[in-house]
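Below is one structure, written out as structure tokens; comments come after it.
Just so you know, ligand 1 is whichever comes first in the structure, and atom 1 is the first atom listed for that ligand. Numbers here are sequence positions counted from 1.
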Amino acid sequence: MRPIQARISIGAMAHNLRVARSHSGAARVFAVVKANAYGHGLSRARRAFASADGFAVLTLEEAANLRLMGVEQPILLLEGIFGPDEIATCAELDLCPVLHHAAQLDWLQQQPPARPLQVFLKFDSGMHRLGFPLAGHAAIVARVRSLPGVAGVTLMTHFAQADEAVGVSWQLSPFLNELAAHDLPWSSANSAALLRYPETLGMWTRPGIMLYGASPFADQSAAELGLRPAMTLQSEMIGVQTLQPGEGAGYGLLFRAEQTMRVGVVACGYADGYPRHALTGTPVLVNGRMSRTLGRVSMDMLCVDLSECAEAGVGTPVVLWGEGLPVDAVAAAAGTNSYELLCGLAARVPVEEID
Ligand SMILES: *Cc1c(COP(=O)(O)O)cnc(C)c1O
């Protein structure tokens, strides 16, 4: 069998939820499990996060699966409904849709659900992605509260720079000031906000990435935040080459040896979810020792430097990210973020679940 495997730890995920809860104070916690729980599997997330106050997903299908698995907590639909045909299912499954554009209000008005819904009314406080403009809040809130299909309203916004030095106050202040008069519960915090800005907690927090043991910050590691990596992508060496000075390895011979050296070939490539944009120098653990990738990543293989790994040969274990090698370090070297690497884990990679 091809030796690649992702080990996913339920215990680490449960631990990370406890960290999120400890930072959330009295706020309730939606465990964000969109994108197959950031690549970790919806069913595993449901078990690891059984004590969450709610779950946040993107699609009706994810929400329906959670209900089938026995989830009884509130389920937030992060982008709400994509058409009027989804209203009935929201009522049947008791889901909380986000409302962020006017057509969604029209749909609810024209086809009120059999049972009124708890909705999250999203305002754009500066990210300019989803949400109603703050300026028109009085009319929007009044309209939503008057809809017979709406049982309760929680106000919501999302931060564009919670992970950066500039922070959240330029968005949070107008959001809270403009909407204060409505005296409604609110939700704003993603992982970065709840970790750094307690003033963002509100009624509900919405941690995602931290639950999987990665850091939302470039300047603070997951370990420093007390988080444990949930996914370890590991494989083995399936070949060893010796390069003479001037010889290259991999497509394009992008890496060339300056002196005689051994190169290991690892059973992991971009079809497994390893980033093809990772160039020479991306960190990799060979037999527990830090090394680096060499040259281009292939579909099914990549090359690593064995200069400092004299004992390594076919069968030597290699960690691509996870235990001992933060996914954030690999992401930084590949010019992306941990989110993309984790949720890009390919379906062909077998998963071993561990405690
Ligand atoms: C994905 C998402 C989150 C979670 O963000 P993290 O950075 O992963 O913590 C929170 N809120 C909304 C609206 C999201 O789409």
Side-chain angles (χ1 to χ4, degrees), residues 13 16-24 27-40 42 45 48-49 52-59 62-63 74-82 95-101 104 119-132 154-164 167-168 171-172 175 185-198 200-220 222 225-227 229-231 327-328 331 336-345:
M13 291 161 75
N16 296 333
L17 176 66
R18 288 192 290 276
V19 176
R21 189 178 285 294
S22 76
H23 286 270
S24 292
R28 299 175 205 167
V29 179
F30 275 123
V32 179
V33 297
K34 62 191 174 186
N36 196 31
Y38 292 47
H40 295 67
L42 191 62
F49 307 143
D53 302 298
F55 291 85
V57 299
L58 212 57
T59 66
E62 293 166 319
I75 297 179
L76 179 65
L77 286 176
L78 286 164
E79 294 178 2
I81 48 176
F82 298 97
L95 310 179
C96 308
V98 168
L99 302 178
H100 60 87
H101 65 73
Q104 291 174 324
V119 302
F120 281 63
L121 183 57
K122 186 166 188 178
F123 285 93
D124 171 31
S125 56
M127 186 168 183
H128 296 121
R129 200 175 57 177
L130 297 186
F132 293 96
T154 301
L155 304 171
M156 174 173 163
T157 196
H158 193 58
F159 298 119
Q161 296 178 300
D163 56 328
E164 296 174 27
V168 298
Q171 285 187 260
L172 184 67
F175 173 74
W186 54 277
S187 169
S188 74
N190 57 3
S191 299
L194 78 86
L195 285 166
R196 283 210 174 148
Y197 305 105
T200 65
L201 297 176
M203 172 77 89
W204 285 95
T205 61
R206 309 190 303 268
I209 193 67
M210 69 177 296
L211 302 181
Y212 307 99
S215 171
F217 307 114
D219 61 356
Q220 200 174 12
L225 294 166
L227 302 170
M231 179 196 296
V327 64
D328 295 305
T336 182
N337 61 14
S338 59
Y339 301 69
E340 189 180 27
L341 297 189
L342 295 175
C343 69
L345 180 74

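From Glu62, atom CD reaches atom CG of Leu95 across 11.5 Å, with rounding to the nearest 0.5 Å.
The single protein non-hydrogen atom nearest to atom 12 (C) of ligand 1 is His158 CE1, 3.5 Å, given as residue, atom name and distance. Counting only heavy atoms of the protein, atom 9 (O) of ligand 1 lies nearest to Ser191 OG, 2.5 Å.
Here the shortest heavy-atom pairing between Trp204 and Gly54 reads CZ3-N, 4.0 Å.
Between the side chain of Asn337 and the backbone N or O of Glu340, at least one donor-acceptor pair lies under 3.5 Å. No donor-acceptor pair under 3.5 Å is formed between the side chain of Thr205 and the backbone N or O of Leu201.
The shortest N or O to N or O distance between Lys122 and ligand 1 is not below 3.5 Å. The shortest N/O to N/O separation between Gly208 and ligand 1 falls below 3.5 Å. Considering backbone and side-chain N/O atoms, Tyr38 comes within less than 3.5 Å of an N/O atom of ligand 1. The distance criterion of under 3.5 Å between nitrogen or oxygen atoms is met by Ile209 with respect to ligand 1.
Arg206 pairs with exactly one of Asn190, Leu194, Leu76 by the side chain to side chain contact (heavy atoms under 4.5 Å, CB included) rule, that one being Leu76.
Under the ring pair (Phe, Tyr, Trp, His ring centres under 6.0 Å) criterion, Phe175 pairs with no residue at all, not counting sequence neighbours. Listed by chain and number, the residues in a ring pair (Phe, Tyr, Trp, His ring centres under 6.0 Å) with His40 are Tyr212 (sequence neighbours excluded).
Listed by atom number, the atoms of ligand 1 under 4.0 Å from Tyr339 heavy atoms are 6 (P), 7 (O), 8 (O).
Closest heavy-atom approach to atom 13 (C) of ligand 1 within the set Leu76, Leu78, Val57, Val33: this belongs to Leu78.
Under 4.0 Å from ligand 1, heavy atoms of Arg206 appear from its side chain as well as its backbone. Under 4.0 angstrom from ligand 1, the non-hydrogen atoms of Lys34 all belong to its side chain.
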